[in-house]
Protein chains: 2
Amino acid sequence: MHLDEPMGIFSKTCEYAMRAVFYIAQKSEEGQKVGIREIALHINSPEPFLAKILQKLSKDGLILSSKGPNGGFYVDSGGLQRPLADIVRAIEGDSIFTGCGMGLSYCSESNPCPLHEDFKKVRGQIVVMLQNTLIGKFNEGLIAGQLTLNK
Amino acid sequence: MHLDEPMGIFSKTCEYAMRAVFYIAQKSEEGQKVGIREIALHINSPEPFLAKILQKLSKDGLILSSKGPNGGFYVDSGGLQRPLADIVRAIEGDSIFTGCGMGLSYCSESNPCPLHEDFKKVRGQIVVMLQNTLIGKFNEGLIAGQLTLNK
DNA sequence: TAAATAAAAGATAAAAAACTCTTTTATTTA
DNA sequence: TAAATAAAAGAGTTTTTTATCTTTTATTTA
């Protein structure tokens, strides 16, 4: 019913995605592409599972990739300016931004559930956070080694 | 990867728990105990699954129960004054209040991850919301029929 | 053009969450 | 005290999420 440790706000899939994209962004700023093995190592995620996630982000155009030697994942300068919200939305869908906190399907602006207004505020703040956090936001800190993305 | 509808902030288990407790609180205010069947019906949850959830809440002392005819679940006047946070904590554990948004286990006040401060604000607001929402908060609205807890 | 590299894709497996069913125990009331 | 009621408890099942393994395709460079 409630266990050892999990349960943040986001799924593990989404957590891996966020960490991976920050890592890729850092390497891109340094002018390098980076392979899955290295990413997985540095953000502490299972490599094949991460591969799936990055494939999806790549297909959605949120990150770029190239095959072959010296290939790997990267983002261009436009990508560095994208908000983290794009990543979360690609993985979790819209419902985290819009769904009812109590899971009521009827709940909406015009027919709100008891907690609707309170949840709206919380969600608003999550959206602000995810919109304000650009993918390249932590590059300096990461490059300088003041920040890490591994467990 | 991302599906038809789910993914709120809380698990379904937790959503059912919140809705059920609001419903029980309403009935308790009206002086009635209420059986699982009726609760499940009114909050739109699978009855046997809900039974498990209520058993846990009951064991934790967050709601009360009595067996036999005219038995059922209820809360006393003290229970009506409890915050919703108690319910959520019983189901989800503490991590939703304290865990790292990016799933980093090292992340803490003294060794924060890149998003630590932003997440702290969001979590603070969730806590405020859950602490300010007392279990009996919506009784009038529910009794008057202005609010519902079903899908 | 061959060898090496790296992502893409597909198929499976394990773990957790959500859900169901059956039996037992306690309580009430007729 | 017997019958009815309702929660408690235990033992499954199903679905979803998380994770793994294998094969294929594309690209580069030597």
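Please read all numbers here as calculations on a predicted model, not as lab measurements. Labels below follow one simple rule: chain letters A, B, ... track the order of the sequence lines, proteins then strands, and each chain is numbered from 1. Heavy-atom basis, side chains included; hydrogens, waters and symmetry copies ignored.
- When each of D:dT18, C:dA8, C:dC19 is scored by its nearest atom to the side-chain atoms of A:Ser11, the top-ranked nucleotide is D:dT18.
- Within residues 30-38 of chain B, the residues that have a heavy atom under 4.0 Å from DNA chain D are, in order of number, B:Val34, B:Gly35, B:Ile36.
- Per the geometry, CD belonging to A:Gln55 stands 17 Å off P belonging to D:dT22, to the nearest Å.
- Here C:dA18 is the nucleotide among D:dT18, C:dA18, D:dA9 with the atom lying nearest to any side-chain atom of B:Thr13.
- At whole-Å resolution of the value, CG in A:Leu64 and P in D:dT27 are 14 Å apart.
- Judged as a ring pair (Phe, Tyr, Trp, His ring centres under 6.0 Å), and not counting sequence neighbours, the contacts of B:His42 are B:Tyr23.
- Bending across the helix from C:dT1-D:dA30 to C:dA30-D:dT1, expressed as the angle between its end axes from five pairs apiece, amounts to 0° (10° rounding).
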Each nucleotide N or O in nucleotides 20-23 of chain C that has a protein N or O under 3.5 Å away: list the pair and distance.
none

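- Protein atom CZ of A:Arg19 is 13 Å distant from nucleotide atom P of D:dT18, rounded to whole Å.
- Listed by chain and residue number, nothing satisfies the ring pair (Phe, Tyr, Trp, His ring centres under 6.0 Å) test with A:Tyr74 (two or more places apart in sequence, or in another chain).
- Taking A:Glu38 as the reference, A:Lys27 meet the salt bridge (charged side-chain N to carboxylate O under 4.0 Å, His left out) condition, with sequence neighbours excluded.
- Between B:Ser58 and the phosphate of D:dA7, there is no side-chain N or O to OP1/OP2 separation shorter than 4.0 Å.
- Counting to the nearest Å, the C1' atom of C:dA6 and the CD1 atom of A:Ile63 are 14 Å from each other.
- Formation of a donor-acceptor pair under 3.5 Å by the A:Arg19 side chain with backbone atoms of A:Ile39 is not found in this model.
- For B:Lys56 and C:dA17, the NZ to C1' distance is 15 Å, given to the nearest whole Å.
- For B:Asp86, the salt bridge (charged side-chain N to carboxylate O under 4.0 Å, His left out) criterion is met by B:Arg82, not counting sequence neighbours.
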Under 3.5 Å between N/O atoms: give me all the protein pairs with nucleotides 28-30 of chain D, atom names plus distance.
{"unit_1": "D:dT29", "atom_1": "OP1", "unit_2": "A:Asn70", "atom_2": "ND2", "d": "3.1"}

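- Taking the side-chain hydrogen bond (donor to acceptor under 3.5 Å, both in side chains) definition, one finds that B:Glu109 meets it with B:His116, B:Lys120, sequence neighbours left out.
- Proximity of A:Tyr16 to the phosphate of D:dA19: a side-chain N or O atom is located under 4.0 Å from OP1 or OP2.
- Atom P of nucleotide C:dA7 and atom OH of A:Tyr74 are separated by 12 Å, given to the nearest angstrom.
- Looking at residues two or more places apart in sequence or on another chain, you find no side-chain hydrogen bond (donor to acceptor under 3.5 Å, both in side chains) involving A:Gln55.
- Rounded to whole Å, atom P of D:dT18 lies 15 Å from atom CG of A:Leu54.
- For B:Lys59 and D:dA7, the shortest distance from a side-chain N or O to OP1 or OP2 is not below 4.0 Å.
- Separating the CD1 atom of A:Ile53 from the P atom of D:dA19 is a distance of 8 Å, rounded to the nearest angstrom.
- The side-chain hydrogen bond (donor to acceptor under 3.5 Å, both in side chains) test applied to A:Asn132 returns no partner, not counting sequence neighbours.
- With A:Ser108 contributing its side chain and A:Asn111 its backbone, the two residues share a donor-acceptor pair below 3.5 Å.
- Closest to the side chain of A:Lys12, out of C:dA18, D:dT18, C:dA9, is D:dT18.
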* To do: Using the side-chain hydrogen bond (donor to acceptor under 3.5 Å, both in side chains) rule, take B:Asn139 and B:Gln26 through it: C-alpha gap first, then chi angles, then the decisive distance, then the call.
  => CA-CA 5 Å; B:Asn139 280 356; B:Gln26 172 205 346; over 6 Å; no
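- Remark: A:Lys137 engages no residue in a side-chain hydrogen bond (donor to acceptor under 3.5 Å, both in side chains) (not counting sequence neighbours).
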